[in-house]
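A quick write-up on the structure given underneath.
Only a predicted model underlies this, so the values are computations on that prediction, with no experimental measurement involved. Letters A, B, ... mirror the listed sequences (proteins, then strands); counts begin at 1.
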Amino acid sequence: MKTLSGADIEEFGRELDNIRDDVIASRGEDDARYIRRVIAVQRALEVSGRALLFASVLPPAWLAGTAALATAKILENMEIGHNVLHGQWDWMRDPEIHSSTWEWDLVSPASQWKHTHNYLHHTWTNVLGKDRDIGYSLMRLSPEQPWHPYYLGQPLYNAMLAPLFEWGIALHDLELERLRRGDKSWGQAFTQLRAILHKAGRQVVKDYVAFPLLAGPLFLPVLIGNLTANMTRNVWGHTVIFCGHFPDEAAVFTEEQIEGETRGEWYLRQLLGSCNLDGGPLFHIMTGNLSHQIEHHLFPDLPSNRYAEIAPRVRALCERFGLPYNSGSLLRQTATVWKRVFRLALPT
Amino acid sequence: MTALARTSMDGVALRVADTVGWLTTPLMPDDYLGLINPLWSSRKLRGRVEAVHAETKDAVSLTIRPGRGWTAHRAGQFIRVGVDVDGVRHWRTYSLSSAPERADGRVTITVKAAPDGIVSTHLVHRIEPGTVIGLTRPEGGFVLPQPVPSRLLFVTAGSGITPVMAMLRSLVRRGEMPDVILLHSVPRREEVIFGAELRRLAGRFPNLRLHEQYTRSGGRLSLSQLPDLCPDWSKRGVWMCGPPGMLEEAETRWREAGIATRLHVEHFRPVVAASTRGVGGRVRFLPSGQEADADGATPLLVVGEDAGVLMPSGCRMGICYSCTGRLRSGRVRDLRTGREHGEEGELVQTCVSAAAGPVEIEL
C-alpha cells in the first residue's frame with residue numbers, strides 16, 4: 001500500500017461522500033418494498049418452520065422445520081435486525097421498522113447492543129483499547145495485545161463461543177471489564193443485567209418451554225429443533241462476523257494513531273479494518289450483507305440492499321488510490337481468522 | 001353490546017394476545033396477523049383505499065374501508081392519514097366528507113392537490129385502489145349539535161367544503177334538512193368540488209339555498225355582502241371553513257356583533273407569521289439522542305423527520321397537539337406569531353415551532 005498524502009485522503013473521503021449522497025438521493029419505494037418483503041418472507045419461514053416441527057413424527061419434517069427456522073432466525077438477526085437497529089430504514093418513518101422501536105429474536109436487548117455495537121464498535125473500529133469487539137475481551141486477536149497464559153486456550157474458547165454466540169453478545173454488552181476497572185457502577189450493571197434476564201427469559205421460554213409444551217408428545221423433537229436452529233444461527237453469525245474484521249490482512253490501530261482523525265482518515269480506517277466476503281445475492285442476504293463489511297463500515301446507516309450496488313464503485317476508488325480492498329471467499333477468510341486465533345494463542 | 005360487555009371482551013382479547021405473545025416474542029401476534037391482512041391489527045389502525053373518484057381536475061375522493069379499532073365519526077370531524085410516498089411515511093389531516101350514516105361502513109376523504117403538496121399530489125394523481133394507509137380515529141369539534149339548529153349558515157371556500165359536505169349528506173340521510181344557506185367560494189365553476197351533488201340537493205330541498213361565488217370573475221366573497229346574501233345571518237348557527245384570512249375576518253365580525261358563540265370555524269391551512277427569521281441551532285431529540293441542525297424557519301417536526309427521527313405528527317398547523325414534545329433545554333419560536341418562548345418542561349408543538357438556538361426536546 002502506497003502512502004497517501006493528506007490531500008489524497010481527503011479526496012478519497014469526498015469521493016466516498018459522493019457515493020453516500022447518491023444512495024441517499026435515490027432511496028425510495030423500491031428499497032421500502034425490499035425490506036418489507038424480506039420481513040414477510042422471514043416471518044412466513046418462521047411460521048412454516050415451527051409448523052413443520054410440530055409434524056416432526058416424520059424425520060424429514062423435523063429436518064425441513066429446523067432448517068426453515070434456522071434460516072428465519074438468521075434472516076431476522078442479520079439482514080433485518082442488525083440493519084434496522086443501525087437506523088438503515090429510519091428514513092421510511094415507519095414506526096414498525098425503526099431503530100428506536102425494533103427488538104430482535106436474540107437474548108440480548110436491542111438497546112444495549114445498539115450502544116456497544118453502533119457506538120463503540122462502529123466509531124472505534126479496530127482501535128486497540130477502544131473497540132471492544134477485538135477478541136470480545138475473550139481472545140487475543142492482535143499481536144499488540146499483551147500475551148497471557150490464559151490465551152493458550154483461545155482456540156477452545158472460540159469454538160465454544162460460536163454455538164453460544166448470542167449469550168456471548170449479551171455478556172459482552174455488560175462490559176464486565178469496565179466494572180472491574182471501576183468505570184462502571186454495580187448499580188448500572190445490575191440494571192442492565194435485569195434487562196438481559198427479562199429479555200433472555202422470554203426467549204428461553206418461547207423456544208425451550210412454550211413451543212415444546214404445545215407440541216405435546218413431540219416435546220423433545222421440537223425442543224431439539226429449536227435448539228439446533230438457535231445454535232446454527234449462532235455459529236453462522238459468529239463465522240460471518242469474525243470474517244468482518246479478523247482475517248489476516250485487517251489492520252488494527254492505536255489510540256495515538258487516530259488522534260485528531262479527519263473524516264477522510266476515518267473512512268480510511270474503516271476500509272483498512274474491514275474485509276468482504278465473495279458470493280451471490282442469496283449469500284449476501286444470508287450474511288445480512290455483512291459480506292459487504294467494507295461498505296457497511298463506510299456507510300453503516302445506508303440500506304443494506306444497496307451495498308452490492310456501490311461495492312464496485314468503492315473498489316474502483318480503492319484501486320485509484322492504491323488502497324487494498326480485502327475480499328475473499330468465506331472459506332478462505334474463515335481459515336485466516338482461525339489461523340490468527342491459533343497463532344496469537346502463543347506469545348509473539 | 002353493552003359497554004361493560006365490550007370492556008370485558010377487550011380484556012379477554014388482551015389476555016389472549018398476551019399469552020400468544022409468549023410464542024411470538026419479541027414480536028406481537030399482530031406482527032404476523034398484519035402480514036395476512038393489515039386491517040386486522042389491533043395496535044395500528046389502518047384502512048384500505050377501495051376506490052378513487054375524481055371530483056374535479058385536481059381533487060379526488062378516496063373511499064376507505066377502515067380496519068379494526070375504527071370508531072364512527074360525527075359529520076364535520078377530521079382524521080389523520082399516513083401515506084407512504086417514495087417509501088417515506090407522511091401524515092396529513094383531512095376532513096371526512098362522507099356521512100357517518102353510510103350503510104356500508106366505508107368513509108371518504110376528499111383531497112385537493114396543492115401545487116407543492118407531496119401528499120396531496122400523491123393522493124390525487126398516484127394512489128391506487130388497494131393501497132393500505134394509516135388512519136387515526138376521527139376527532140375535532142367542528143360538528144353540528146343535537147338537535148340540529150333550525151337555521152344554519154355554512155360559509156366555505158375551496159376544499160373547505162369537505163366537512164360541510166359530510167354534514168349536508170348526514171342531514172339528507174337523516175331526512176331532517178333545516179333551513180340552510182351555503183355560501184361557497186371557488187375561483188371557477190369547474191373547480192367546485194361536489195358541484196353537481198350540491199346543485200342537485202339545492203334543487204331537491206327548497207329550504208337549502210346555495211350561493212356559488214366564482215372569485216375569478218365575480219371577485220372575492222366579502223362579509224359586507226352578508227346582509228344581502230343572508231339577511232338573518234346574525235340569527236343563524238354558522239359553520240365556516242376556509243383560508244385563515246376569511247376566518248379571522250369572520251371571527252372579528254361575529255365578536256363585534258356579540259354573537260361569537262354562534263360561529264364555528266375550521267382551519268385547513270397553517271397560519272405562518274410573515275417575519276419568522278430566527279437563528280436556529282442544533283436540535284437534540286430524546287430519548288433517541290439523534291441530532292440535527294435546524295434553521296430558524298423550519299418547524300422542529302420537519303427537522304426531525306428529515307433526520308430520520310420518529311416524530312409524532314398530526315395536523316401540521318398547530319391545532320391538534322398530536323406532535324407535542326417536552327422541551328428539555330433551549331428556546332423555540334412560534335412560527336405563527338414569531339414569538340420566542342420556552343421553559344424547561346414546557347410542552348411545545350413541533351409543527352409550528354422552530355429552534356431559537358440549541359434545543360433539546362423529548363418526544
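- Contact of B:Val309 with chain A is made through the backbone alone, with heavy-atom distances under 4.5 Å.
- Crowding of A:Met286 atom CE: a count of heavy atoms from other residues, nucleotides or ligands under 6.0 Å exceeding 12.
- Annotation: the span from B:Met311 atom CE to A:Arg93 atom CZ amounts to 10.0 Å, rounded to 0.5 Å.
- Considering only heavy atoms from C-beta on, A:Arg43 comes within 4.5 Å of B:Leu27 through its side chain.
- Of the listed residues (A:Lys114, A:Glu103, A:Arg202), the greatest number of heavy-atom pairs within a distance under 4.5 Å of chain B belongs to A:Arg202.
- The residues A:Glu29 and B:Arg89 are annotated as not salt-bridged, no charged nitrogen and carboxylate oxygen being separated by less than 4.0 angstrom.
- Panel note: side chain A:Lys206, backbone B:Trp22; no donor-acceptor pair is recorded below 3.5 Å.
- A donor-acceptor pair is defined here as one N or O able to donate and one able to accept, closer than 3.5 Å; such a pair exists between the side chain of A:His98 and the backbone of B:Gly308.
- For A:Trp102, no part lies near chain B; criterion is any non-hydrogen pair under 4.5 Å.
- In terms of heavy-atom pairs under 4.5 Å with chain A, the best-connected choice from B:Thr25, B:Thr24, B:Asp306, B:Val85 is B:Thr25.
- To the nearest 0.5 Å, atom CG of residue B:Asp86 and atom OG of residue A:Ser26 are 11.0 Å apart.
- No salt bridge links B:Asp84 with A:Arg33; every basic N to acidic carboxylate O contact stays at or beyond 4.0 Å.
- For A:His115, the NE2 atom counts as densely surrounded, since its 6.0 Å shell holds more than 12 non-hydrogen atoms of other residues, nucleotides or ligands.
- Heavy atoms closer than 4.5 Å to chain B are found in the side chain of A:Val47, but not in its backbone.
- Between A:Ala32 and B:Gly87, the shortest heavy-atom contact is CB-CA, 3.8 Å.
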Please lay out, stage by stage, how B:Gln290 and A:Asp90 fare under the test side-chain contact (heavy atoms from CB on, under 4.5 Å).
CA-CA 11 Å; B:Gln290 280 160 285; A:Asp90 285 8; 3.9 Å; yes
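- Note: A:Phe211 leads A:Trp104, A:Phe211, A:Trp89 in heavy-atom pairs under 4.5 Å with chain B.
- Among the residues in residues 29-36 of chain B, those with a non-hydrogen atom closer than 4.5 angstrom to a non-hydrogen atom of chain A are B:Asp31, B:Tyr32, B:Leu35.
- With a threshold of 4.5 angstrom between heavy atoms, B:Glu305 approaches chain A through its backbone and through its side chain.
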